[in-house]
Amino acid sequence: QVQVRESGGGLVQAGGSLRLSCTDSGRATDSYAMGWFRQAPGKEREFVVAIRWIDGRTSYAGSVKGRFTISRDNEKNIIYLQMNSLKAEDTAVYYCAAGSVFGPLENGHAYDYWGQGTQVTVSS
């Protein structure tokens with residue numbers, strides 16, 4: 001059973017920064033990808049960013065492009081989400097997802113494994 005675990009959430013003022021981390025125990029395949037999704041109260045889960053393991057190709061949601069950066073540590077099977085210039089609307093539970101993704105990275109249904117989520121709260 002692959003385990004996915006997030007860390008790094010917290011409370012920050014608008015304009016501030018946070019870094020999330022995610023580790024997983026899965027084995028990378030050609031189609032393996034890891035990413036972040038988020039869900040705000042009363043809203044549906046939405047895609048944030050993802051990275052494909054084999055070539056490092058990334059995909060960002062338009063709402064975070066230029067502010068958030070995903071990176072990876074291949075040896076440790078960790079991804080990081082650096083979030084800068086945070087806004088109140090970034091407040092949500094952030095979920096890390098992993099798995100063999102054969103289609104668009106933005107499709108949450110394509111991921112096999114999910115973490116428990118970590119709360120990010122941005123105060124205005």
Positive for side-chain contact (heavy atoms from CB on, under 4.5 Å) with L81, one of V49, V64, I51: V49
Nearest heavy-atom neighbours spanning Y111 and A33: CE2-O, 4.0 Å
Sidechain-backbone polar pair: R67 side chain, S85 backbone, donor-acceptor under 3.5 Å: yes
Nearest atoms (heavy-atom pairs only) where I79 meets W53: CG2-CZ3, 3.4 Å
Rounded distance [0.5 Å steps], OG1 in T58 versus NZ in K65: 8.5 Å
Heavy-atom neighbours of Q82 CD exceed 12 at 6.0 Å: yes
Taking every non-hydrogen atom, the tightest pair across V4 and C22: CG1-SG, 3.5 Å
Side-chain donor/acceptor of T118 to backbone N/O of S7, under 3.5 Å: no
Common cluster, I54/V2, ILVMFWY with side-chain heavy-atom separation under 4.5 Å: no
Atom pair CZ (R72) and CE (M34), whose distance is rounded to the nearest 0.5 Å: 11.0 Å
Qualifying residue for side-chain contact (heavy atoms from CB on, under 4.5 Å) with F68, from N84, L86, L18: L86
Minimal non-hydrogen separation, Q119 against T91, with atom names: NE2-CG2, 4.0 Å
Plane angle bin for Y95 and W114 - parallel if under 30°, tilted between 30 and 60°, otherwise perpendicular: perpendicular
Test item: Y60 side-chain N/O and A50 main-chain N/O as donor-acceptor pair under 3.5 Å: no
Full working for side-chain contact (heavy atoms from CB on, under 4.5 Å) between R5 and Q3: CA-CA 7 Å; R5 185 173 301 172; Q3 293 185 332; 4.1 Å; yes
Any donor-acceptor N or O pair under 3.5 Å, side chains Y32, D24: yes
Short side-chain donor-acceptor distance under 3.5 Å, R38 and Y94: yes
Shortest non-hydrogen contact between G9 and V120, atoms and distance: CA-CG2, 4.2 Å
Donor-acceptor pair, side chain of Q13 and main chain of S124, under 3.5 angstrom: no
Main-chain N/O of C96 paired with E6 side-chain donor or acceptor, under 3.5 Å: yes
Validation row, ring centre W36 to ring centre F47 under 6.0 Å: no
Pair E106-S59, side-chain donor/acceptor within less than 3.5 Å: yes
Flag, side chain of S21 to backbone of Y80, donor-acceptor distance under 3.5 Å: no
Neighbour count above 12 (heavy atom, 6.0 Å) for R45 CZ: yes
Backbone N/O of V101 and side chain of R52: donor-acceptor pair under 3.5 Å: yes
Donor-acceptor contact present, side-chain N107 to main-chain P104, <3.5 Å: no
